[in-house]
Amino acid sequence: MRRLAVFQAGVLLTLAIAAGSLQAAPQRSNEELRIHFGFGGSQHSPDLEEKAYNDRLYGSLLAGGVGFNTDWQETYGGGVDFLLEYLRGPWRFSFFNEGAGSRPKYLGFSAVQSSSLSFTQLESVEVDSLGRLNTRAEAGYDLLRGSESNQLFLVFGIAAMAQRAEYNRLTVNTASAGGLSASAIGLGLSDYTQESAVGPALGLDYRYQATETLELQAALRLLAMGGDWEMERISLFSNGAVDLRTESGDLSAAGFNLLLGLHWAFAENWLLDYTISVTSLQIGDENVTPIALNSSTSFDASRYLLDYALTYPGSSHNDTISVVSLGVSYRLSLSEE
């Protein structure tokens, strides 16, 4: 959070210094095309964090033990956004892309104790890449058509999200029985989770022309999407064992996107844009099919059926991503004036 606050303060200072030299922009033409590109920072609290925690907790309980993951660290990263916008009269048509990436890490621990066996597992996990893409294709109509200072667009369209995490995982297993103990170190051969969903978006986008050079924006969109997800984890251990776990199922995501923006005209056809975008979704999975195998142990049908019964109904977790962006927009008038 500290890094994000410092970045925001720097951007606001830059805008304050630039304000004194800004030039008045022409009134919006009846028909124009806008192209925007921006970059900045992001903070992401993914649904994968709680999902991984619950997998550890309930997987350990299923085996008759206990387990936990630490909170994910270093969830800050970079962010970029792109907007292509066409305006004609009271209508606005747009295509928006927002991407963010980070490299979180965490530790996991499990312990199982029975009358004859003691087993512990320690994992150090670094999310080598956690990538997120939010996309929207929308149309909007100005409900306040005719107002010089205020615009209120009713926006509707299609929203999509895609997310993929690739992990570097170091696993240390230790087992002891009857005074004998053995340890094995495991490295991931394939370790990823990916999600995708698409659905309708509906909301309001308010623009206020505060001065000739400054426009303020506040937009809220409601999102409801459906799709699928999958997870694969294959590890090779120093004792020659191969451990495999996969899951796949349906995915649903519902929530909102809130966007706040400042748009300054610094030349006749150029705008300096500062935006804060927050997308909060409740992401759930259902109809989950799990597969868990280990080459060094025999297949336990009863344990698999219990795992399947617990996993199949699915679960729901919160996912929140914030992107702070500084960028520029170029305005191309298409009116015959």
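If you're wondering where the values come from, they're calculated on a predicted model, not measured in any experiment. What's counted below: heavy atoms across the whole structure, side chains too, no hydrogens, waters or symmetry copies.
In plain terms, the two heavy atoms of Ser176 and Ser181 that are nearest each other are CB-CB, 3.8 Å. Summarising the geometry of Ala197 relative to Leu251, their closest heavy-atom pair is CB-CD2, 3.6 Å, with the distance given to 0.1 Å. Smallest separation of non-hydrogen atoms from Ala224 and Pro200: O-CD, 3.1 Å. When all heavy atoms of Ile283 and Ala253 are compared, the pair lying nearest together is CG1-CB, 4.0 Å. Ser238 approaches Ser183 most closely through the heavy-atom pair OG-O, 4.5 Å. Residue Ala175 comes nearest to Phe119 through the heavy atom pair CB-CD1, 4.2 Å, listed as atom of the first residue, atom of the second, then distance.
Atom OG1 in Thr213 sits 11.0 Å away from atom CG in Leu272 (nearest 0.5 Å). Atom CZ of residue Arg233 and atom OG of residue Ser190 lie 11.0 Å apart, to the nearest 0.5 angstrom. Note that CG of Asn294 and CG of Leu244 are 9.5 Å apart. Values are rounded to the nearest 0.5 Å. Remark: Arg245 CZ to Asp55 CG distance equals 6.0 Å, nearest 0.5 Å. The distance from atom CG of Leu33 to atom OG of Ser329, rounded to the nearest 0.5 Å, is 10.5 Å. Here the CZ-CD distance, from Phe153 to Gln151, works out to 4.0 Å after rounding to the nearest 0.5 Å.
A donor-acceptor pair shorter than 3.5 Å cannot be found between the side chains of Asn269 and Tyr330. In summary, the side chains of Glu50 and Asn318 do not present any donor paired with an acceptor at a separation below 3.5 Å, with no hydrogens or angles considered. Between the side chains of Asp243 and Ser235, no donor N or O sits under 3.5 Å from an acceptor N or O. A donor and an acceptor atom, one from each side chain of Ser60 and Ser110, are located under 3.5 Å apart. Side-chain N/O atoms of Glu230 and Tyr192 include a donor and acceptor closer than 3.5 Å. A donor-acceptor pair shorter than 3.5 Å can be found between the side chains of Glu98 and Ser277.
A salt bridge between Lys51 and Asp285 is present, with a side-chain N of the basic residue lying under 4.0 Å from a carboxylate O of the acidic one. Between Asp205 and Arg207 a salt bridge is recorded (basic side-chain N to carboxylate O distance below 4.0 Å). Contact check on Arg56 versus Glu123 returns a salt bridge, with a Lys/Arg side-chain nitrogen under 4.0 Å from an Asp/Glu carboxylate oxygen. Remark: Arg103 does not engage Glu74 in a salt bridge, criterion side-chain N to carboxylate O under 4.0 Å. In summary, Arg34 and Glu32 engage in a salt bridge, as defined by a charged side-chain N under 4.0 Å from a carboxylate O. Here Arg221 pairs with Glu138 in a salt bridge; the nearest charged N to carboxylate O distance falls below 4.0 Å.
Put simply, the side chain of Ser280 reaches to within 4.5 Å of the side chain of Phe256, judged on heavy atoms. The side-chain heavy atoms of Met161 and Asn134, taken from C-beta on, include a pair separated by under 4.5 Å. Between Asn287 and Tyr312 there is a side-chain heavy-atom pair separated by less than 4.5 Å. Side-chain contact between Ile234 and Asp191 is absent, with no heavy-atom pair separated by less than 4.5 Å. For the pair Pro46 and Leu130, the minimum side-chain heavy-atom distance is below 4.5 Å. Put simply, the side chain of Thr311 reaches to within 4.5 Å of the side chain of Glu247, judged on heavy atoms.
Open room surrounds CD1 on Ile158; 12 or fewer heavy atoms of other groups in view lie less than 6.0 Å from it. For Arg88, the CZ atom is loosely surrounded, since the number of other residues' heavy atoms within 6.0 Å does not exceed 12. Heavy-atom contacts from other residues, nucleotides or ligands closer than 6.0 Å to OH of Tyr206 number more than 12.
Within the cation-pi definition used here (under 6.0 Å to the ring centroid, within 45° of the axis), Arg169 qualifies as a partner of Tyr167.
Judged purely by atom type and a 3.5 angstrom limit, Ser295 uses its side chain to pair as donor or acceptor with the backbone of Val242. Put simply, the side chain of Asn69 gets close to the backbone of Ala52: a donor and an acceptor are under 3.5 Å apart. With hydrogens and angles disregarded, a donor-acceptor distance shorter than 3.5 Å links the side chain of Thr70 to the backbone of Leu107. A donor-acceptor contact shorter than 3.5 Å is absent between the side chain of Ser196 and the backbone of Ala162. The main-chain N or O of Ala184 is never found under 3.5 Å from a side-chain atom of Asn239 such that the two would form a donor-acceptor pair. A donor-acceptor contact shorter than 3.5 Å links the side chain of Gln209 to the backbone of Thr211. Side chain of Gln73 to backbone of Asp71: a donor-acceptor contact under 3.5 angstrom is found.
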**Report entry** Derivation and outcome, side-chain contact (heavy atoms from CB on, under 4.5 Å), residues Gln43 and Thr320
**Finding:** CA-CA 8 Å; Gln43 181 184 10; Thr320 301; over 6 Å; no
Query raised in the report: Run the side chain to side chain donor-acceptor pair (under 3.5 Å) check on His36 and Glu85 step by step: do they pass?
Result: CA-CA 8 Å; His36 162 86; Glu85 194 172 37; over 6 Å; no
Query raised in the report: Under the side-chain contact (heavy atoms from CB on, under 4.5 Å) criterion, do Leu281 and Leu223 qualify, and how do the steps go?
Result: CA-CA 8 Å; Leu281 299 173; Leu223 311 171; 4.1 Å; yes
Requested in this report: Please step through side-chain contact (heavy atoms from CB on, under 4.5 Å) for the pair Leu154 and Leu202, ending with a clear verdict.
Outcome: CA-CA 8 Å; Leu154 174 65; Leu202 177 66; 4.1 Å; yes
**Report entry** Full working for side-chain contact (heavy atoms from CB on, under 4.5 Å) between Gln194 and Glu232
**Finding:** CA-CA 9 Å; Gln194 62 183 23; Glu232 179 180 272; over 6 Å; no
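Note on ring orientation: taking the six-membered ring where Trp is involved, the planes of Trp91 and Phe156 are perpendicular (angle over 60°, cut-offs 30° and 60°). Ring planes of Tyr86 and Phe93: parallel class, angle under 30° (limits at 30 and 60°).
One hydrophobic cluster, built from ILVMFWY side chains closer than 4.5 Å, holds both Tyr58 and Phe68. Hydrophobic clustering (ILVMFWY, side-chain heavy atoms < 4.5 Å, transitive): Leu258 and Val323 are in distinct clusters.
Residues in residues 309-321 take part in these salt bridge (charged side-chain N to carboxylate O under 4.0 Å, His left out) pairs, two or more places apart or across chains: Arg132-Asp319. Identified under the salt bridge (charged side-chain N to carboxylate O under 4.0 Å, His left out) test for residues 36-45, with sequence neighbours left out: none.
With Met231 as reference, Thr193 is the one residue of Thr246, Leu48, Thr193, Val288 to meet the side chain to side chain contact (heavy atoms under 4.5 Å, CB included) rule.
When the ring pair (Phe, Tyr, Trp, His ring centres under 6.0 Å) test is applied to Tyr208, no partner is found at least two apart in sequence or on another chain.
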